[in-house]
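Reading through the structure tokens given below for one structure.
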Amino acid sequence: MELDRIIITEEAIQKRVAEMGAQITLDYQDKDLFVICILKGAAVFMSDLIRQIRVPLEIDFMSLSSYGASTKTSGVVRMLRDLDTEITGRHILVVEDIVDTGLTLTYLCENLTVRKPASLKICTFLDKPSRRKVELTPDYFGYAIEDFFVVGYGLDYNEKGREYPYIAAVKQ
Ligand code: IMP
Ligand code: MG
């Protein structure tokens, strides 16, 4: 994999994540949060984010996989790992690495809504609004980016690049 250029530096990421954590803290005063991390991409962001949130919270993980080519989402979603616990009556914050077509999260939100949470919000580090195929607006997002394929800070290209502390565009 060849990188084109860094589009979000490590410093910018940490600053933005702190702001997001502060906003979430304000919005969930007097509530307990249940944070759902979507594996694997959101693991890095989620572990930074929860340390910037100052309300009591629990975490759990879900793993979803879409059929199709590695850099395109087909919209057909398979659940590889479900939650350990029930979420009925809980305040749910779904944490994602990036919202692209929106198909994955649309499927996930429908699936979670059936379980009757008290509330359900979406927090994504990156947003590519120009690629959307379904209407979906994240409640919290770190940065909106243009349509290029990016790696780093948990995001991968064929499983590589998740450990980079910055977000970089891949040369294609
Ligand atoms: P969608 O919103 O259903 O199209 O899919 C979102 C998922 O596609 C994300 O959770 C990522 O795993 C993956 N994805 C989309 N764009 C990128 C990218 O630029 N880099 C790495 N993964 C991406
Ligand atoms: Mg993902």
Side-chain angles (χ1 to χ4, degrees), residues 1-10 12-14 16-17 20-21 24 33-50 59-83 87 92-115 117 120-172:
M1 171 178 44
E2 219 186 314
L3 298 185
D4 186 11
R5 63 195 171 90
I6 292 176
I7 60 169
I8 308 173
T9 64
E10 185 172 3
I13 290 173
Q14 295 310 327
R16 187 71 187 115
V17 172
M20 296 174 83
I24 291 166
L33 251 187
F34 192 94
V35 176
I36 300 178
C37 172
I38 309 304
L39 294 171
K40 304 170 192 170
V44 177
F45 170 46
M46 188 269 250
S47 58
D48 280 346
L49 181 68
I50 58 172
I59 63 171
D60 204 344
F61 299 87
M62 282 179 110
S63 180
L64 307 167
S65 172
S66 55
Y67 294 98
S70 58
T71 62
K72 290 262 174 350
T73 305
S74 61
V76 183
V77 180
R78 207 157 40 119
M79 195 178 299
L80 304 179
R81 185 203 187 278
D82 203 347
L83 300 172
I87 56 163
I92 306 302
L93 185 66
V94 174
V95 176
E96 248 293 30
D97 51 359
I98 186 166
V99 181
D100 188 35
T101 63
L103 291 167
T104 309
L105 273 184
T106 298
Y107 166 86
L108 181 70
C109 288
E110 282 167 10
N111 182 292
L112 294 175
T113 300
V114 174
R115 310 182 198 193
L120 176 62
K121 283 192 183 183
I122 293 168
C123 177
T124 184
F125 185 63
L126 296 177
D127 190 6
K128 276 188 202 169
S130 67
R131 295 253 314 153
R132 213 67 103 245
K133 285 190 184 156
V134 286
E135 206 181 300
L136 185 132
T137 310
D139 299 279
Y140 306 97
F141 68 91
Y143 290 94
I145 61 168
E146 312 218 341
D147 180 19
F148 25 61
F149 200 83
V150 294
V151 292
Y153 201 56
L155 290 110
D156 72 302
Y157 178 62
N158 291 336
E159 296 299 325
K160 298 285 191 268
R162 295 190 195 277
E163 74 277 24
Y164 305 157
Y166 44 75
I167 298 281
V170 175
K171 198 170 269 175
Q172 279 178 319

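We count ligands from 1, going down the list as the structure has it; atoms in each ligand are counted the same way.
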Does [X] reach ligand 1, in the sense of a heavy atom lying below 4.0 Å from it?
X: Ile38; answer: no
X: Gly102; answer: yes
X: Arg131; answer: no

Identify, by atom number and element, the atoms of ligand 1 in contact range of [X], meaning under 4.0 Å from any of its heavy atoms.
X: Lys128; result: 16 (N), 17 (C), 18 (C), 19 (O)
X: Asp156; result: 21 (C)
X: Glu96; result: 10 (O)
X: Thr104; result: 1 (P), 3 (O), 5 (O)

*Mind checking whether Phe125 and Tyr143 have parallel, tilted or perpendicular rings, split at 30° and 60°?*
perpendicular
_Do the side chains of Arg162 and Asp97 get close enough for a salt bridge, i.e. N-O under 4.0 angstrom?_
no
*Is ligand 1 under 4.0 Å from a heavy atom in the side chain of Leu126, in the backbone, in both, or in neither?*
neither
_At under 4.0 Å between heavy atoms, is it the side chain or the backbone of Ile98 that contacts ligand 1, or both, or neither?_
both
*Who's closest to atom 15 (C) of ligand 1 heavy-atom-wise, of Asp127, Leu39, Ile145, Asp100?*
Asp100
So [Y] and [X], do their side chains get closer than 4.5 Å, heavy atoms only?
X: Leu39; Y: Leu80; value: no
X: Leu3; Y: Tyr166; value: yes
X: Leu108; Y: Val77; value: no
X: Arg16; Y: Ile8; value: no

_So for atom CD, which belongs to Glu135, do other residues, nucleotides or ligands contribute more than 12 heavy atoms lying within a distance under 6.0 Å?_
no
*Around atom CD of Gln14, are there more than 12 heavy atoms of other residues, nucleotides or ligands at under 6.0 Å?*
yes
*asked:* Side chain or backbone, does Val150 bring an N or O within less than 3.5 Å of an N or O on ligand 1?
replied: yes
